[in-house]
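Heavy atoms only: backbone and side chains are in, while hydrogens, waters and symmetry mates are out. Predicted model only: the values in this text are computed from it and were never measured.
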Amino acid sequence: MKYLVFAADCGAPNLRDEAVEEGDCLWQELSPALRDDILDWNLRYAPIVLMDTQSRLLNLGLIQELDQQGLELAARIAAELSPAKAKYYSEGLLRFLLP
């Protein structure tokens, strides 16, 4: 069983094995369609990563929308890399979210 962590970032999205301190990203193991969906989502999320607290509060609706998509992407990642579980970290709320 793989235990993965998935999150948006300013550059490339973060997808890693929780047990590995630093290591290869798992992108090559995902289907091209899922990679494309993740990259499109990350492009929309990236500006939020740099926001201050006040700006995040003003964009809470967008953050919630993107986090819902992030949770759905995490579920797809876990399904494609099965057996795996993927935790989703909200960069907008700065905490892990449960599905």
Side-chain angles (χ1 to χ4, degrees):
M1 172 82 65
K2 293 178 188 173
Y3 294 92
L4 311 172
V5 176
F6 173 60
D9 207 342
C10 291
N14 184 355
L15 175 61
R16 63 178 178 81
D17 189 322
E18 191 173 51
V20 179
E21 187 80 19
E22 290 192 30
D24 291 336
C25 186
L26 301 168
W27 297 114
Q28 66 278 6
E29 297 181 38
L30 299 175
S31 69
L34 181 51
R35 284 194 306 256
D36 287 346
D37 289 348
I38 291 170
L39 291 174
D40 289 344
W41 165 83
N42 191 73
L43 188 62
R44 291 185 60 215
Y45 210 123
I48 293 167
V49 176
L50 300 174
M51 288 180 180
D52 61 21
T53 303
Q54 183 65 28
S55 296
R56 289 172 192 236
L57 289 173
L58 293 172
N59 287 281
L60 192 55
L62 176 59
I63 291 170
Q64 291 172 333
E65 174 189 333
L66 292 169
D67 283 341
Q68 181 59 44
Q69 292 172 1
L71 287 166
E72 292 166 7
L73 290 168
R76 289 175 58 194
I77 290 166
E80 281 199 13
L81 300 180
S82 184
K85 292 187 178 189
K87 291 194 315 186
Y88 173 71
Y89 185 81
S90 167
E91 287 292 343
L93 302 176
L94 302 175
R95 63 184 169 91
F96 284 100
L97 299 182
L98 298 174

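In this structure a side-chain-to-backbone donor-acceptor pair under 3.5 Å is missing from Asp67 to Gly70. Side-chain N or O atoms of Arg44 include none that pairs as donor or acceptor with a backbone N or O of Leu66 at under 3.5 Å.
Evaluation of the side-chain contact (heavy atoms from CB on, under 4.5 Å) rule for Leu81 yields Leu4, Leu26, Glu29, Leu30, Ile77, Ala84 as partners, not counting sequence neighbours. Remark: Asp37 pairs with Arg76 by the salt bridge (charged side-chain N to carboxylate O under 4.0 Å, His left out) rule, at least two apart or across chains.
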Item to complete: Given side-chain contact (heavy atoms from CB on, under 4.5 Å), test Leu98 with Leu71 step by step and report yes or no.
Response: CA-CA 8 Å; Leu98 298 174; Leu71 287 166; over 6 Å; no
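Linking ILVMFWY residues whenever their side-chain heavy atoms come closer than 4.5 Å, directly or via other members, leaves Met51 and Leu58 in distinct clusters. Linking Ile, Leu, Val, Met, Phe, Trp and Tyr whenever their side-chain heavy atoms come within less than 4.5 Å leaves Val49 and Leu39 in two separate clusters. Note: the hydrophobic cluster containing Val5 does not contain Ile38 (ILVMFWY, side chain heavy atoms under 4.5 Å, direct or indirect links).
Of all heavy-atom pairs spanning Pro13 and Phe6, the tightest one is CB-CE1, 4.5 Å. Ala86 and Ala78 get closest at one heavy-atom pair: N-CB, 4.0 Å. Of all heavy-atom pairs spanning Asn42 and Ala8, the tightest one is OD1-CA, 3.1 Å.
In this structure, Tyr89 and Phe96 have perpendicular ring planes: the angle between them is above 60°, well past the 30° mark.
Taken to the nearest 0.5 Å, the CZ atom of Arg56 stands 8.5 Å off from the CG atom of Leu93. Note that CD of Glu80 is 9.0 Å distant from CZ of Arg35, once rounded to the nearest 0.5 Å. The line from CG of Asp40 to CD of Gln69 is 10.0 Å long, rounded to the nearest 0.5 Å.
Using a 4.5 Å heavy-atom cutoff, the side chains of Pro99 and Tyr88 are not in contact. Inter-residue side-chain proximity for Ile63 and Tyr45 is flagged as met; some heavy-atom pair is nearer than 4.5 Å. Here the side chains of Glu91 and Ile48 are not in contact, with every heavy-atom distance at 4.5 Å or above.
A donor-acceptor contact under 3.5 angstrom links the side chains of Gln68 and Glu72, judged on distance only.
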